[in-house]
Trainee: 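Take a look at this one; I'll ask things after.
Letters go in sequence order (proteins before strands), and every chain restarts at 1.
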2 protein chains.
Amino acid sequence: MISLQQLEKEVKPIQTYYKSATYSKQVVSYPERDIPTDATFHYKELAAKKHSEAERRRRLRINGQYATLRTILPNLVKTDKASVLEETIKSVRELQKTVKELKTEGRDRHKCEFPNEVNELNLSYSNGDGGLVKATLSCEDKPGLLSDIGRALSSVKATVLKVEMATVGGRIKCELLIQGFKGNEGMVILKRALKIVIDKPSLPGNYGKKICFYK
Amino acid sequence: MISLQQLEKEVKPIQTYYKSATYSKQVVSYPERDIPTDATFHYKELAAKKHSEAERRRRLRINGQYATLRTILPNLVKTDKASVLEETIKSVRELQKTVKELKTEGRDRHKCEFPNEVNELNLSYSNGDGGLVKATLSCEDKPGLLSDIGRALSSVKATVLKVEMATVGGRIKCELLIQGFKGNEGMVILKRALKIVIDKPSLPGNYGKKICFYK
DNA sequence: ATGGACACGTGATGC
DNA sequence: TGCATCACGTGTCCA
């Protein structure tokens, strides 16, 4: 195989041709991709053509990726290359954040599902409207617990929107979404009542022991 | 305002200068961005410089975004432009899929947390090893339910690994992860025992009614 | 007419 | 050496 450099030396006199403005203009504007058959053909031109075509393939590949990105990106208004990249970056960051949140939310929920080892009682406003209150409590599972909680709630004329409960190892965790308080004094009364409920010792030979599923 | 075309005609003799290889080389390698003050200055060169600098800013913007992508993409081995785009596409698709899965999973979990309106009892092998069995049941909440379930479990010498419970509107949903069966006959016995438990009518003036939180 | 966006060919660099 | 990638300036089209 003969090298391009050697060939270049042999055809050096012709260099003036392909360095001329005419040739350059021709190649730059509308490159002839067919192999020329006349006497002006030489191997350096072939190398340049190979080079430009390789570059063209590279551009094609990259532009293909841009096209792909344009299809998979939602909310893409400007299809500009820079805009595509910008929107891509925004999307990736947003998605990463969302995934992180959803995963930790799942983990938190999972964590939240297990009762605390020590008795726990928390009341907090869930959000502003309607006086919604979220109550979270952990205590030993024992007979009459649910009815005691129910009585505590009705003592403040509260309505329960949602209840979630989990029992593990003889202990219980309960989340209540409550509404209908008459002012803040209701919360105080409810808190005292619930506190008594969860701290009330279970009877000897207690029910809680009996329903402990774990050996 | 004088047009660039007109200016070009006036300074045509100088075209040979900025089209020369020397100038071209100089500009390509280390372009002088300061406005030249000598006699070689002319407006077409200014226009070309403006154009090239605008193009340079565009490249800079795009390359900056590539750099950003390189920083936020995990598992990026080749920092190649095409590779960056490829990895980006893969990441976006993967993240979108993950988000979708996590959201539907959350929805499914949420659905699963609410007790069924009709009594329900399902036993299924959770996975192959250790004879793990998942039991799902929905029934009316009533006094002694948990202890009844506990007794049913101990009757087949089963150990509970995990319990999840939800109570809504006086009904209860319970998921048990159980192990320790002696063969399949244990499952049959357990299923019968649980069936009796969940179908057992609550006593008159029942406990279940009392603990119904909803008005 | 002016700036933005794009494709192109080319020289340079690294493996 | 050849091959791939990159930055650059330029010509061209469009709003």
Trainee: In whole angstroms, how far is the P atom of D:dT5 from the CZ atom of A:Arg56?
Mentor: 16 Å
Trainee: Grab the two heavy atoms, one from B:Ser83 and one from B:Leu76, that are nearest each other, plus how far apart they are.
Mentor: O-CD1, 4.3 Å
Trainee: Return yes if the base of C:dG3 and the side-chain atoms of B:His51 contain a donor-acceptor N/O pair under 3.5 Å, otherwise no.
Mentor: no
Trainee: Using a strict 4.0 Å threshold on nitrogen-to-oxygen distance, state whether A:Arg56 and A:Glu53 make a salt bridge.
Mentor: no
Trainee: Using only heavy-atom distances, decide whether a donor-acceptor pair under 3.5 angstrom links the side-chain of B:Arg59 to the base of D:dG9.
Mentor: yes
Trainee: Report the C-alpha distance between A:Leu190 and A:Ser155 in whole Å, list the side-chain angles of each, state the deciding distance to 0.1 Å, and finish with yes or no for side-chain contact (heavy atoms from CB on, under 4.5 Å).
Mentor: CA-CA 8 Å; A:Leu190 175 62; A:Ser155 73; 5.5 Å; no
Trainee: For DNA chain D, which residues in residues 79-87 of chain B have a heavy atom at a distance below 4.0 Å?
Mentor: B:Asp80, B:Lys81
Trainee: Does either side chain, that of B:Lys81 or that of B:Asn63, offer a donor lying less than 3.5 Å from an acceptor on the other one?
Mentor: yes
Trainee: Could you tell me whether a side-chain N or O of B:Gln65 sits under 3.5 Å from a main-chain N or O of A:Ile89, the two making a donor and an acceptor?
Mentor: no
Trainee: Before giving the answer on side-chain contact (heavy atoms from CB on, under 4.5 Å), spell out for B:Leu176 and B:Cys174 the whole-Å C-alpha distance, their side-chain angles and the decisive distance to 0.1 Å.
Mentor: CA-CA 6 Å; B:Leu176 304 151; B:Cys174 184; 3.9 Å; yes
Trainee: Has the side chain of B:Glu55 got a donor or acceptor atom sitting under 3.5 Å from an opposite partner on the base of C:dC6?
Mentor: yes
Trainee: Could you tell me the separation between the CZ atom of B:Arg57 and the P atom of C:dC6, rounded to a whole number of Å?
Mentor: 16 Å
Trainee: Between the main-chain N or O of A:Val84 and the side-chain N or O of A:Thr88, is there a donor-acceptor pair closer than 3.5 Å?
Mentor: yes
Trainee: Nearest-Å distance, CZ (A:Arg58) to C1' (C:dC8)?
Mentor: 12 Å
Trainee: Set out, in order, the CA-CA distance, both residues' side-chain angles and the distance that settles side-chain contact (heavy atoms from CB on, under 4.5 Å) for A:Glu120 and A:Lys173, then state yes or no.
Mentor: CA-CA 9 Å; A:Glu120 174 195 23; A:Lys173 169 145 200 167; 3.9 Å; yes
Trainee: B:Leu46 has an atom CG; how far is it from atom C1' of D:dG9, in whole Å?
Mentor: 15 Å
Trainee: Considering every strand and a 4.0 Å limit on heavy-atom distances, what is the contact class for A:Arg61: base, sugar-phosphate, or nothing?
Mentor: sugar-phosphate
Trainee: Between A:Lys90 and A:Glu87, does any NZ, NE, NH1 or NH2 come within less than 4.0 Å of an OD or OE carboxylate oxygen?
Mentor: yes
Trainee: What are the residues of residues 62-72 of chain A, sorted by number, that bring a heavy atom to within less than 4.0 Å of DNA chain D?
Mentor: none
Trainee: Whole-Å distance between D:dG2 P and A:Glu53 CD?
Mentor: 17 Å
